[in-house]
There are 2 protein chains.
Amino acid sequence: MSLTHLQSFVAVAEEGHVGRAARRLHLTQPPLSRHILALEDELGTRLFERTPRGMRLLPAGETLLCHARRILADVDTAVRTVRNLSTRERSTHPES
Amino acid sequence: MSLTHLQSFVAVAEEGHVGRAARRLHLTQPPLSRHILALEDELGTRLFERTPRGMRLLPAGETLLCHARRILADVDTAVRTVRNLSTRERSTHPES
DNA sequence: GGTAGTTACGAATTTCGTAACAATC
DNA sequence: GATTGTTACGAAATTCGTAACTACC
């Protein structure tokens, strides 16, 4: 499980389409498809139903989507918090 | 930023020592040291103070530690939730 | 035949571990 | 000189993209 896999998963879930999600992520279809397959393999269950139109979330996928969004948002918050903290520290106590 | 980097960070923070953290993670010191340096580089700030005894958390590191623990716990929960869900599904609706 | 996802496979990138280095007691 | 973290660098593993394949209308 990696953040890259989770980002890929959310993009495919939101687009319902590997091709569009790949464009959105500036990737090609095959690696993105592999991310989803790896995730399904690791979790031991299918996350999407493959339809002729694209990908539709299955119940396990719906559940993962909630968790994935929260995790990715928390990572974003963590990065921005620590960055802001260090910026403020630098402007308050300049060292040079 | 990757989950591997966050795991490495938490281990070093808890052990206060790259060598011990490396043993705990079944890794050698250099890659682990690089994980911390990469994290510090990405966040634009030092996370640890290097002492002759080992590594001591700086304020930015304390902040990140809270976020990192929560993120890693959420990932663990997500994996276990989806896995349990699929196991229950399989025993309730056997397909073969 | 067009649209979708997947597999094969070689190239590029990343990440690892050994060895050597630097710094502090 | 012993203990700590870091840098150099070649080897191993991962991940990418192109091309070819499969499946469904």
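Keep in mind it's a predicted model, so treat the numbers as computed, not measured. Note on naming: letters A, B, ... go to the chains in the order of the sequence lines (proteins, then strands), and numbering restarts at 1 for each one.
- Residue-level contact check: B:Leu37 touches the backbone only, with heavy atoms under 4.0 Å from sugar-phosphate atoms and none from bases.
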Dump the intermediate steps for salt bridge (Lys or Arg N to Asp or Glu O under 4.0 Å) on B:Arg24 and B:Glu14, then the final yes or no.
CA-CA 11 Å; B:Arg24 173 170 142 189; B:Glu14 287 176 356; 2.6 Å; yes

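- Taking atom CD of A:Glu49 as the reference point, atom C1' of C:dG5 lies 14 Å away to the nearest angstrom.
- Here D:dT4 is the nucleotide among C:dT6, D:dG17, D:dT4 with the atom lying nearest to any side-chain atom of B:His17.
- In this structure, the side chains of B:Met55 and B:Arg50 come closer than 4.5 Å at one or more pairs of heavy atoms.
- At least one side-chain heavy atom of B:Ile71 sits less than 4.5 Å from a side-chain heavy atom of B:Leu6.
- The base of D:dG5 lies outside donor-acceptor range of the side chain of B:Arg34, with no N or O pair under 3.5 Å.
- If you check every strand for non-hydrogen atoms under 4.0 Å, A:His35 touches sugar and phosphate atoms only.
- Rounded to whole Å, atom P of D:dT4 lies 7 Å from atom CZ of B:Arg20.
- Nearest heavy-atom pair across A:Leu64 and B:Ala78 is CD1-CB, 4.5 Å.
- Contacts of A:Pro52 with the nucleic acid, taken as non-hydrogen atoms under 4.0 Å apart, involve only primed sugar atoms and P, OP1 or OP2.
- Contact annotation: B:Ser33 side-chain N/O to D:dG5 OP1/OP2 distance is not under 4.0 Å.
- If you measure from atom CZ of B:Phe48 to atom C1' of D:dT6, you get 15 Å, rounded to the nearest angstrom.
- One interatomic measurement links the two molecules: CD of A:Gln7 to P of D:dT15, which rounds to 14 Å at whole-angstrom precision.
- The distance between atom CG of A:Leu3 and atom P of D:dT14, rounded to the nearest whole Å, is 18 Å.
- Regarding A:Leu32, its CG atom lies at a distance of 9 Å from the P atom of C:dG5, rounded to whole Å.
- For the pair A:His26 NE2 and D:dG17 P, the computed distance is 12 Å after rounding to whole Å.
- The side chain of A:Pro30 lies closest to D:dA19, out of D:dA19, D:dG5, C:dC16.
- In terms of position on DNA chain D, the residue among A:Ser2 and B:Arg46 whose nearest nucleotide sits closer to the 5' end is B:Arg46.
- At the heavy-atom level, B:Arg53 lies under 4.0 Å from the strands shown only through sugar-phosphate atoms.
- Proximity of B:Arg70 to B:Asp74: side-chain heavy atoms (C-beta onward) are separated by under 4.5 Å at one or more points.
- OP1 or OP2 of D:dC24 has not a single side-chain nitrogen or oxygen of A:Arg50 nearer than 4.0 Å.
- Remark: C1' of D:dT6 and CG of B:Leu27 are 15 Å apart, rounded to the nearest angstrom.
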